[in-house]
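The structure appears below as structure tokens.
Excluded from the calculations below are hydrogen atoms, water molecules and symmetry mates; all remaining heavy atoms, backbone and side chain alike, are included.
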Amino acid sequence: MESFSLILAIVVVTALAFDFTNGFHDTANAMATTISTGALKPKIAVAMSAVLNLVGAFLSVEVANTISKGLVDETGIRPEVIFAALVGAILWNLLTWLVGLPSSSSHALMGGLVGATVASAGFGAVHGDVLVTKVLLPAVAAPVVAGLASLLATRFSYGIGDTADGEATRKGYRAGQIASAGLVSLAHGTNDAQKTMGIITLALIAGGAIAPGSNPPTWVILSAGLAIALGTYIGGWRIIRTMGKGLTDLEPRQGFAAQTSAATAILASSHLGFSLSTTHVVSGSVMGAGLGRKGGVVRWSTATRMFAAWALTLPAAALVGAGAEAVTDLGDWGTAAVAVFLVAASAGIWKLSRREVVDHTNVVEETGEPAGVVTTAIAAVTPPPAGTVAENLTATIPAPAATEPAPAAPPAATV
């Protein structure tokens with residue numbers, strides 16, 4: 001126990017730092033649509049979300065138990081392994097935040113933990129059945145289910161709202177959107193804050209501070225809730241812009257449908273103990289709402305970049321976690337080297353983010369996404385409408401050169 005006291009303190013601080021990044025990385029999940037439709041002012045929205053994230057942290061410990069008791073073999077894990085896993089998760093969170101992509105903080109943590117565990121104790125220390133049933137399958141199913149539910153809810157809301165007074169309907173949906181955004185924030189605290197609780201509890205078990213199989217102590221629940229609430233209040237404005245404006249354009253009733261569908265899926269998964277990605281759920285709901293309105297569109301170039309980030313999250317975080325574990329395994333100086341690298345890389349990413357500042361003052365500006373390659377190619381080969389002449393049209397066959405004029409006849413001689 002004595003020899004683990006320092007490393008345990010480092011792991012707990014690093015876990016809370018991850019929880020903080022999780023908060024500002026996932027603020028968009030609850031409040032992007034509410035901000036983009038004007039239902040709430042940006043600062044008010046993130047403050048409301050922060051409070052409800054804190055409350056949600058106290059509602060359940062099922063997801064925390066999935067991480068601390070189910071995903072890896074807790075008896076063969078050292079605190080250094082958990083520290084390495086957190087390094088991978090934090091760096092992936094910061095990189096995707098820098099480019100404004102709503103990737104999964106949950107999968108970054110899962111990937112880092114799996115990679116570090118495999119590097120330390122081999123593949124046998126990872127419970128593959130739990131990884132598949134409670135992490136991978138929900139990652140695929142959740143956005144599809146939430147997207148379909150949101151699409152149907154959007155169409156239903158437009159169907160029943162056609163005969164209602166326009167202004168009264170907009171006010172009603174704005175109020176509903178605020179309530180549903182609060183529900184998503186509560187659900188996010190219930191699901192995502194528990195992941196940090198689970199990782200701290202796993203570290204305490206690995207360090208011998210508490211008995212194997214223990215639930216998260218009260219101080220762990222409180223500190224994890226406060227860290228994610230503070231991160232939420234800071235506001236991940238870059239990802240809020242992508243989710244609110246870069247993916248699709250939403251009206252209040254679409255925002256209400258998207259957030260209600262997302263909150264239902266997240267709360268159900270928390271009850272079942274699924275380590276669900278709230279980012280996947282909300283992104284799927286937003287796309288479903290965009291497709292559910294007649295004339296609505298989804299910016300598929302943005303969605304494609306987002307899908308690529310989703311696919312890379314688990315393996316990328318796992319590779320960084322495994323590399324960090326290989327260094328920490330060299331001894332105390334290795335752990336110190338990894339800690340210095342984490343701080344330096346985080347500072348470098350923050351400095352890069354200052355080149356283009358996104359905050360509450362410009363978060364609702366249009367992203368100005370350029371046309372895709374296919375759209376540009378089609379526009380280039382489309383013929384002009386009949387009866388018109390295209391501007392700047394040049395002939396492809398050169399006109400024949402003008403002939404030299406015949407020399408003038410000499411004037412007639414005079415007598």
Quick one: [atom1] on [X] to [atom2] on [Y], what's the gap to the nearest 0.5 Å?
{"X": "Met287", "Y": "Leu151", "atom1": "CE", "atom2": "CG", "value": "11.5 Å"}
{"X": "Asn22", "Y": "Leu109", "atom1": "CG", "atom2": "CG", "value": "8.5 Å"}
{"X": "Arg354", "Y": "Trp350", "atom1": "CZ", "atom2": "CH2", "value": "5.5 Å"}
{"X": "Thr335", "Y": "Ile10", "atom1": "OG1", "atom2": "CD1", "value": "7.0 Å"}
{"X": "Glu80", "Y": "Ile7", "atom1": "CD", "atom2": "CD1", "value": "4.5 Å"}
{"X": "Thr117", "Y": "Arg78", "atom1": "OG1", "atom2": "CZ", "value": "10.5 Å"}

Out of [options], which residue meets the side chain to side chain contact (heavy atoms under 4.5 Å, CB included) rule with [X]?
{"X": "Leu131", "options": "Leu113, Leu137, Val114", "value": "Val114"}
{"X": "Ser105", "options": "Asn93, Ile228, Ile90", "value": "Asn93"}
{"X": "Ile82", "options": "Ile200, Ile199, Val87, Leu204", "value": "Ile199"}

Parallel, tilted or perpendicular, judged at 30° and 60°: which one describes the rings of His107 and His280?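 Perpendicular.
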For [X] and [Y], indicate whether the former's side chain and the latter's backbone hold a donor-acceptor pair under 3.5 Å.
{"X": "Ser120", "Y": "Ala116", "value": "no"}
{"X": "Trp310", "Y": "Pro102", "value": "yes"}
{"X": "Ser150", "Y": "Ser285", "value": "yes"}
{"X": "Gln254", "Y": "Ala289", "value": "yes"}

State, yes or no, whether a side-chain contact exists between [X] and [Y] at a heavy-atom distance under 4.5 Å.
{"X": "Leu222", "Y": "Phe58", "result": "yes"}
{"X": "Tyr233", "Y": "Leu54", "result": "no"}
{"X": "Leu342", "Y": "Leu86", "result": "no"}
{"X": "Leu95", "Y": "Ile349", "result": "yes"}
{"X": "Pro79", "Y": "Phe83", "result": "no"}
{"X": "Pro42", "Y": "Met31", "result": "no"}
{"X": "Phe256", "Y": "Ser157", "result": "no"}

Test Leu136 against Leu314 for side chain to side chain contact (heavy atoms under 4.5 Å, CB included), laying out the working first. CA-CA 10 Å; Leu136 297 181; Leu314 276 167; 3.4 Å; yes
Tell me every residue that passes side-chain hydrogen bond (donor to acceptor under 3.5 Å, both in side chains) with Thr232, counting only those two or more places apart in sequence or in another chain.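 By the side-chain hydrogen bond (donor to acceptor under 3.5 Å, both in side chains) rule, Thr232 matches no residue at all.
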Any side-chain hydrogen bond (donor to acceptor under 3.5 Å, both in side chains) pairs touching residues 43-52, not counting sequence neighbours?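 Non-adjacent pairs meeting side-chain hydrogen bond (donor to acceptor under 3.5 Å, both in side chains): Ser49-Asn53, Ser49-Ser185.
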For the student: nearest non-hydrogen atoms of Trp237 and Val358, plus distance: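 That would be CB-O, 3.4 Å.
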Might you work through the side chain to side chain contact (heavy atoms under 4.5 Å, CB included) test for Glu325 and Thr328, ending with a clear yes or no? CA-CA 5 Å; Glu325 161 56 21; Thr328 59; 3.2 Å; yes
Counting neighbours of CZ on Phe20 that are heavy atoms of other residues, nucleotides or ligands and sit closer than 6.0 Å, is the number greater than 12?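 Enclosed: over 12 neighbouring heavy atoms sit under 6.0 Å from CZ of Phe20.
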Phe307 CZ: over 12 foreign heavy atoms closer than 6.0 Å: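 Counting neighbours around CZ of Phe307, more than 12 heavy atoms of other residues, nucleotides or ligands fall under 6.0 Å, so yes.
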Kindly determine whether Leu98 and Leu94 satisfy side chain to side chain contact (heavy atoms under 4.5 Å, CB included), including the steps that lead there. CA-CA 6 Å; Leu98 178 65; Leu94 292 177; over 6 Å; no
Working for side chain to side chain contact (heavy atoms under 4.5 Å, CB included), residues Ile178 and Met48: CA-CA 10 Å; Ile178 293 171; Met48 169 183 163; 4.1 Å; yes
